[in-house]
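Atoms within a ligand are numbered from 1 in the order they appear, just like the ligands themselves. Keep in mind that the numbers below use all heavy atoms, side chains included, and drop hydrogens, waters and symmetry copies.
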Amino acid sequence: AAERIQHAGLRQKIISAEQAAALIENGMTVGISGFTGAGYPKAVPAAIAEKAQAAHAAGKPFKIRMITGASTADECDGVLARANAISFRSPFQSDPTLRNQINAGDAAYMDVHLSHIEQQVRAGFFGDMDVALVEVAGITADGKLIPSLAVGTNVTWLQKAKKVILEVNAQQNAKLEGMADIYDSIGLAPHRKPIPLTEAGERIATPYLHCDLDKIAGIVLTDASDRNSKFADPDEMSKSIAAQIIDFFSHEVKMGRLPANLLPLQSGVGNVANAVLAGLQDGPFDNLTGYTEVLQDGMLDLILSGKMVSASATALSFSPEALERFNKHIDELRSKIILRPQEITNNPELIRRLGIIGMNAMIEADIYGNVNSTHIMGTRMMNGIGGSGDFARNAYLSFFVSPSVAKGGAISCIVPMVSHHDHTEHDVMVLVTEQGLADLRGKSPRERARLIIDNCAHPDYRDALRDYFDRAEKAGGLHTPHLLNEALSWHQRFVETGDMRVK
Ligand code: 0RQ
């Protein structure tokens, strides 16, 4: 793997993962690369975890403050969490051990919009960044860094950290060189200029990451693949939600509210998102474009089939089979896929300008269209808001999707009042469950409530929701009627009995 480092001086900086871990001290803030299971460091986190375990065995404290792009994988978040080595985590994570620690109060977590994290770190809101630990695919002869399968927050971590540790991963395709477009001049107000991107598929900068070479404290060589999670084949639930969204697109084209090739598509992670993209494969739309944060199998296949002309993302998160297709066709894909910093993919200015169609999954919505994407029963963190807020608030069209019930029907995903607010009624235009679609645009809260109950709620819960709404209307406060002492009673009942239904 040493040949991936073309710069002679930097080859002298090759060290072991253990030597790299020795540079990390208890209490340090470490900026780590990685975005939804792509581009995270594969070797140094395990060595930090061992160091933490040794310290704990000797009765000494050892924990780091960990800030990433988004979720990493078991070899990073997982191994560190199991070693009890994380005191603070931001901005998005999906590791089960760490989730339990967060919900048990053993690790502090701050949920931040993915477009905000870099500027807040640059501005110093998180204090100093002691070390950046960043995976790259290689280093050029003149010391420029070639991004791996995720760019995420790397621009800012490399700029802001006092010391840098690189992992150069020989498993990442060498032909990734040239695929990224690293615009790194957003800066901070009052020194900001418009970002000169006017089309989803445009390139506006250079393909390399830059780092002051004197800050590089060590380079660790690795040869390991990304998480590469598998997707389930779309089930009936996902297919039904996808089919309704595609019908809605056709209707909007007919009404002249969308062009025939739609507008750039953003799709969240998970099986429903993937099913919508799979559905577009057989749909009537051509010359599609993608402007998303995570590019998964579904979007790759739209590009390979010629349905989509270009897509940009901050991370390429593929199943093992899709990664094979990607590597096989990389020569053709290099001009069509653009990897950008997450501050660009999720940028409100650009999402608004490009007129993105945002599609994200949710945990629950209430009868007025407020959405909870993050909390289970109002108190326990699931993953985090991720980029859903960046897209929902600024999109031309914002969709939220979910099955109408969870846990075998014991939970209604349509409730009187959400138990946590991530996306307010002002940011939610279309709600879709397998039961149906509610187009909330241009509607008052009470008009919305009737539509959501009739179209999206599961039949087992529809009457109870109507009853709640009817009684709330009689109680007065007729703009957004509620019974405040009952609004969260469905959640309370679930907490007490394991079922939202009245037995
Ligand atoms: O739990 O696996 O224990 O059964 O929540 O639910 O239906 O499998 O849905 O995997 O698409 O996740 C919102 C969490 C949906 C995700 C969320 C339980 C359910 C199951 C998962 P089990 P599903 P998904 C791009 C955009 C925020 C970030 C975002 C997410 C588990 O999409 O994290 O959008 N979004 N980012 O049983 C209690 C309810 C429930 C519930 C579902 N109402 N109450 N539990 N579940 N509904 C990516 C990035 O930003 C990086």
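For Ile385, every heavy-atom contact with ligand 1 shorter than 4.0 Å involves the backbone, none the side chain. Under 4.0 Å from ligand 1, the heavy atoms of Phe92 that appear belong solely to its side chain.
Atom OG of Ser33 is separated from atom CG of Leu166 by 9.5 Å, given to the nearest 0.5 angstrom. Atom CD of Glu425 sits about 11.5 Å away from atom CD1 of Ile367, to the nearest 0.5 Å.
In terms of modelled atom types and a separation under 3.5 Å, the side chain of Glu167 and the main chain of Leu133 share no donor-acceptor contact. Looking at Arg122, its side chain does come within 3.5 Å of a backbone N or O of Gly187 through a donor-acceptor pair.
Atom 1 (O) of ligand 1 lies below 4.0 Å from at least one non-hydrogen atom of the protein. In this structure, atom 9 (O) of ligand 1 has no protein heavy-atom contact shorter than 4.0 Å. Contact annotation for atom 44 (N) of ligand 1: protein present (non-hydrogen atoms, distance under 4.0 Å). Taking a distance limit of 4.0 Å, we find that atom 30 (C) of ligand 1 is approached by some protein heavy atom.
Counting heavy atoms only, Ile411 comes closest to atom 38 (C) of ligand 1 of the residues Ile411, Val405, Ile414. Distances from atom 35 (N) of ligand 1 to the heavy atoms of Ser404, Gly69, Ser373, Gly378 show the closest one on Ser373.
Close approach of ligand 1 to Asn360 is summarised as follows: ligand atoms under 4.0 Å from at least one heavy atom of the residue are 26 (C), 34 (O). With ligand atoms numbered from 1 in the order given, ligand 1 contributes 38 (C), 45 (N) to contacts under 4.0 Å with heavy atoms of Ile376.
Between Asn360 and Gln266, the side chains place a donor N or O and an acceptor N or O closer than 3.5 Å (distance only, hydrogens not considered). In this model, no donor atom of one side chain and acceptor atom of the other lie less than 3.5 Å apart for Asp470 and Tyr468. For the residue pair Arg380/Asn103, the side-chain donor-acceptor check at 3.5 Å is not satisfied.
Taking atom 46 (N) of ligand 1 as the reference point, the nearest protein heavy-atom neighbour is Ala406 CB, 4.0 Å. The single protein non-hydrogen atom nearest to atom 27 (C) of ligand 1 is Gly384 O, 3.1 Å, given as residue, atom name and distance. Nearest protein heavy-atom contact of atom 13 (C) of ligand 1 is Met362 C, 3.5 Å. Counting only heavy atoms of the protein, atom 33 (O) of ligand 1 lies nearest to Asn383 ND2, 2.8 Å. Counting protein heavy atoms only, atom 21 (C) of ligand 1 is closest to Met382 CE, 4.0 Å. For atom 11 (O) of ligand 1, the closest non-hydrogen atom on the protein side is Ala361 CB, 3.8 Å. Looking only at heavy atoms of the protein, atom 34 (O) of ligand 1 is closest to Ser388 CB, 3.3 Å. In this structure, the protein non-hydrogen atom closest to atom 51 (C) of ligand 1 is Thr36 CG2, 3.5 Å.
Ligand 1 has an N or O atom lying under 3.5 Å from an N or O atom of Lys407, backbone or side chain. Note: no N/O pair closer than 3.5 Å links Pro403 and ligand 1 by distance alone. Backbone and side-chain nitrogen or oxygen atoms of Ile363 are examined, and one is located within less than 3.5 angstrom of a nitrogen or oxygen of ligand 1. Of the polar atoms of Ser412, none of the N or O atoms is found under 3.5 Å from an N or O of ligand 1, judged by distance alone. Considering backbone and side-chain atoms together, Glu293 places an N or O closer than 3.5 Å to an N or O of ligand 1.
Between Val112 and Gln120 there is a side-chain heavy-atom pair separated by less than 4.5 Å.
The cationic atom of Arg65 (NZ for Lys, CZ for Arg) lies less than 6.0 Å from the six-membered ring centre of Phe88 and within 45° of the ring axis.
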Open item on the list: Please evaluate residues Asp77 and Arg99 with respect to the criterion salt bridge (Lys or Arg N to Asp or Glu O under 4.0 Å), reporting the C-alpha separation (whole Å), side-chain torsions for both, the decisive distance (0.1 Å), and the verdict.
Closed with: CA-CA 10 Å; Asp77 270 302; Arg99 181 184 298 135; over 6 Å; no

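Residues Phe248 and Phe399 bring their aromatic ring centres within 6.0 Å.
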